[in-house]
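Here is the naming used below: chain letters follow the sequence lines, and residue numbers restart at 1 for every chain. Quantities reported herein were computed from a predicted structural model and do not represent experimental measurements.
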Amino acid sequence: MKEINNQAEDLTVWLNTSAIVDLGPIIAGVQVFGPETRQAFQRDLLAWYDQEKRDLPWRENQDPYRVWVSEIMLQQTQVDTVINYFNNFMKVFPTIADLAQATEADLLKVWQGLGYYSRVRNMQAAARDIMANHEGVFPTEIKAIKALKGIGPYTAGAIASIAFNQAVPAIDGNAMRVLARLFAIDADIAVAKNRKIFEEIGSYLIDYNRPGDFNQAIMDLGSSYCSYKNPQPELSPIRAYNLSTLNGTTLAYPVKSKQKKARDVYYQALLIENQQGQILMIKRSDGQLLKNMWSVPLLESRRDQVTDYQYVVAETSANYQVSPIVMKEPLAEIKHIFTHLKWHIRPFYMRLRPEEEALLAKQLDKAYGNSWCWLAASDMDQLPVARVQEKIWQVYRDFKKQ
DNA sequence: AATCCGGGGCC
DNA sequence: GGCCCAGGATT
């Protein structure tokens, strides 16, 4: 006998105080309302959506390319952040063919600052797949959509429903929060297998006439009346159906177990300046975080809180066979937080001796081939760099201004 | 199933 | 400082 997730005593609220007129099936252990109420729920939700939906650039039409680009950008990224990136991306790569032909540097440049850079690399792989195997036309079958690189269950559902009017759910963190509150579901949304519960419920709830709008309405709800921190469930268009609202337990849902803390990593950044006032930049290699983006050399400290000027001098000499004039103290202490790492960076400014510049170039050619260069502060927009690199360069520019 | 992968916003 | 965000690939 399968345990019912939401409690029977809670459910009576539905029948006593709200618009629920029929109890429906138990789906993946969750008691939901029946088909009649479902119809009213869809009607109220979509009526609200028609009046209040956000005006977003990717909602201009149902072009699958635009929907696709927006969905990839929106993975783990907030709407406000995405809007400008989206408009620029469509300008630079107006078609799937343009995306397929781009250089990696151009891809990274367009994505610079958005994070999770494999998203855009995967998108190009998918674009090339579409050109080679789908005659340049975005596939319509959900299995084919999900087979594209970078497209998982959520994004496949979003594209299939929004661009192609297919009645499939699109379950992301937003949707899980909305549904968990709607039915008072106790399942831990951090546990991967529990996503299936929400997919089944989403499949049950979805409006077959307007699946794309239905899924987007859930998202808009999740960013407004059903937001994580400051929800206003009593004003929500679905308040009459919402079990946690009726029980006053909104903030108890969704249940989510904690993730681990980011690990501290300590670096010294080498700001090596040549005679022209340029700084040494190196392209990060394939195996590294932020791969193929450009960075000043980073030394990983062997112990926490290393400020040791002598360590910097020794490592610079060992790595590059030169002995620049190094400032005794770091210019700053920069913190940069990734999901799983917390970088602490101390930038050291050093000036190369004139007679050693040619020697250094030779060493760099040997060690890095084409993957290094001298860069003036004013030319930083020429190379793809991650945000942490901009922070380091800001410290450098501030120092030079003094 | 757990880990890796960015960056910004909010409290 | 902690958690969230229109997640997916890899192991």
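Atom C1' of nucleotide dG6(B) and atom CE of Met73(A) are separated by 14 Å, given to the nearest angstrom. Summarising the geometry, the separation between CZ on Arg177(A) and P on dA6(C) is reported as 7 Å, rounded to the nearest angstrom. Atom CG of Leu114(A) is separated from atom P of dC5(C) by 17 Å (rounded to the nearest Å). Between the NZ atom of Lys335(A) and the P atom of dG2(C) there is a distance of 12 Å, rounded to whole Å. Going from atom CD1 of Ile189(A) over to atom C1' of dC5(C) covers 11 Å, rounded to whole Å. Protein atom NZ of Lys146(A) is 12 Å distant from nucleotide atom C1' of dG8(C), rounded to whole Å.
Residues Lys193(A) and Arg387(A) each lie close to DNA chain B; by heavy-atom proximity, the contact nearer the 5' end of the strand is made by Lys193(A). Residue order along DNA chain C, read from the 5' end via each residue's closest nucleotide, puts Glu71(A) first among Glu71(A) and Lys149(A). Map Gly150(A) and Ile337(A) each onto its nearest nucleotide of DNA chain C; the residue landing nearer the 5' end is Ile337(A).
Contact annotation: side chain of Thr77(A) to base of dG6(B), donor-acceptor pair present below 3.5 Å. Residue Arg54(A) places a side-chain atom within donor-acceptor reach of the base of dA6(C), judged by atom type and a 3.5 Å distance cut-off alone. Taking only distance into account, the side chain of Thr81(A) never meets the base of dG8(B) through a donor-acceptor pair shorter than 3.5 Å.
Residue Tyr117(A) has a polar side-chain atom (N or O) positioned under 4.0 Å from OP1 or OP2 of dG7(B). Note on Asn174(A): every side-chain N or O is 4.0 Å or more away from OP1 and OP2 of dC5(C). Residue Lys256(A) places at least one side-chain N or O closer than 4.0 Å to OP1 or OP2 of dC4(C). The phosphate of dG6(B) (OP1 or OP2) has no side-chain N or O of His336(A) nearer than 4.0 angstrom. Note on His340(A): every side-chain N or O is 4.0 Å or more away from OP1 and OP2 of dT3(B). Dashed line: the shortest gap from a side-chain N or O of Lys342(A) to OP1 or OP2 of dG1(C) is under 4.0 Å.
Among the protein residues, Asp80(A) comes within range of no part of the nucleic acid, since none of its heavy atoms lies under 4.0 Å from any strand. Residue Leu341(A) is classed as having no contact, given no heavy-atom separation below 4.0 Å to the nucleic acid. Across all strands shown, Val191(A) has no heavy atoms under 4.0 Å from either base or sugar-phosphate atoms. Nucleic acid contact class of Trp58(A) (heavy atoms, under 4.0 Å, all strands): base. As judged by a 4.0 angstrom heavy-atom cut-off over every strand, Ile159(A) is placed among residues making no nucleic acid contact.
Side chain to side chain, Glu356(A) and Tyr320(A) fail the donor-acceptor criterion of an N or O pair below 3.5 Å. Gln75(A) and Thr155(A) share a donor-acceptor pair across their side chains, judged by distance under 3.5 Å alone.
Annotation: Tyr309(A) is not in aromatic contact with Phe348(A) [ring centroid separation under 6.0 Å not met].
The side chain of Gln75(A) lies closest to dG7(C), out of dG7(C), dA6(C), dG6(B).
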Legend entry - Candidate pair Phe183(A) and Phe33(A), rule ring-ring contact (aromatic ring centres under 6.0 Å, His included), full reasoning: CA-CA 9 Å; Phe183(A) 293 121; Phe33(A) 46 63; 5.2 Å; yes
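Counting heavy atoms of neighbouring residues, nucleotides and ligands inside a 6.0 Å radius, atom CZ of Arg59(A) exceeds 12 of them.
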